[in-house]
*Asks:* 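Pasting in a structure now, in structure tokens, and then I'll have a few things to ask.
Worth saying up front: this structure is predicted, and the values here are computed from it rather than measured.
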Amino acid sequence: MGNNHMKRSKIPPAKLTDWIEFCWLYVINPVFRAAPNKRKAYFEHRLGKIYNLPCF
């Protein structure tokens, strides 16, 4: 079900702060720029941020 939503969605981020982060990644990260699926690359970037948080 979630996979279908990702396929239909044309816009990667949902909020303005997410758009700013998406654009920032596009500007500074050549790997992100070269990714064929930017929406997936952004999603993986967000997951990486979540998993790198310290556990308290």
Side-chain angles (χ1 to χ4, degrees):
M1 183 172 188
N3 197 12
N4 285 339
H5 178 68
M6 277 188 74
K7 287 181 184 176
R8 286 182 301 174
S9 176
K10 299 286 185 202
I11 301 172
K15 297 184 278 183
L16 179 61
T17 55
D18 294 343
W19 268 109
I20 292 169
E21 183 179 27
F22 182 85
C23 293
W24 175 78
L25 270 174
Y26 188 83
V27 169
I28 67 157
N29 193 336
V31 175
F32 183 77
R33 250 191 326 267
N37 188 343
K38 307 259 184 313
R39 188 172 75 249
K40 181 180 176 193
Y42 180 70
F43 177 72
E44 290 171 352
H45 166 77
R46 297 286 301 214
L47 279 179
K49 283 176 48 176
I50 291 168
Y51 287 122
N52 285 332
L53 292 174
C55 296
F56 292 105

*Asks:* Roughly how far, to the nearest 0.5 Å, is CZ of Arg33 from CD1 of Ile28?
*Replies:*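 The CD1 atom of Ile28 sits 9.5 Å away from the CZ atom of Arg33.
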
*Asks:* Would a distance-only check, ignoring hydrogens and angles, find a side-chain to backbone donor-acceptor pair under 3.5 Å from Asn52 to Gly48?
*Replies:*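 Looks like yes, one N/O pair under 3.5 Å.
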
*Asks:* In this structure, would Val31 and Phe43 fall into the same cluster of hydrophobic residues linked by side-chain contacts under 4.5 Å?
*Replies:*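 No, Val31 does not connect to Phe43 through the hydrophobic network.
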
*Asks:* Does Val27 belong to the same Ile/Leu/Val/Met/Phe/Trp/Tyr cluster as Phe22, with side-chain heavy atoms less than 4.5 Å apart forming each link?
*Replies:*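 Same hydrophobic cluster.
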
*Asks:* Does some side-chain heavy atom of Asp18 sit less than 4.5 Å from a side-chain heavy atom of Tyr42?
*Replies:*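 In short, these two side chains touch, coming nearer than 4.5 Å.
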
*Asks:* Write down the atom of Leu25, the atom of His45, and the distance for their closest heavy-atom approach.
*Replies:*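 Smallest heavy-atom distance, with atoms named: CD1-CD2, 3.4 Å.
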
*Asks:* Are any of the side-chain heavy atoms of Phe32 and Lys38 separated by less than 4.5 Å?
*Replies:*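 They are in side-chain contact.
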
*Asks:* Could you check Glu44 against Lys49 for side chain to side chain contact (heavy atoms under 4.5 Å, CB included), going step by step and ending with a plain yes or no?
*Replies:* CA-CA 9 Å; Glu44 290 171 352; Lys49 283 176 48 176; over 6 Å; no

*Asks:* What about Trp19 and Tyr26, same hydrophobic cluster or not, with Ile/Leu/Val/Met/Phe/Trp/Tyr joined at side-chain heavy-atom distances under 4.5 Å?
*Replies:*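 Yes, because Trp19 and Tyr26 connect within a single hydrophobic cluster, where side-chain heavy atoms sit under 4.5 Å apart.
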
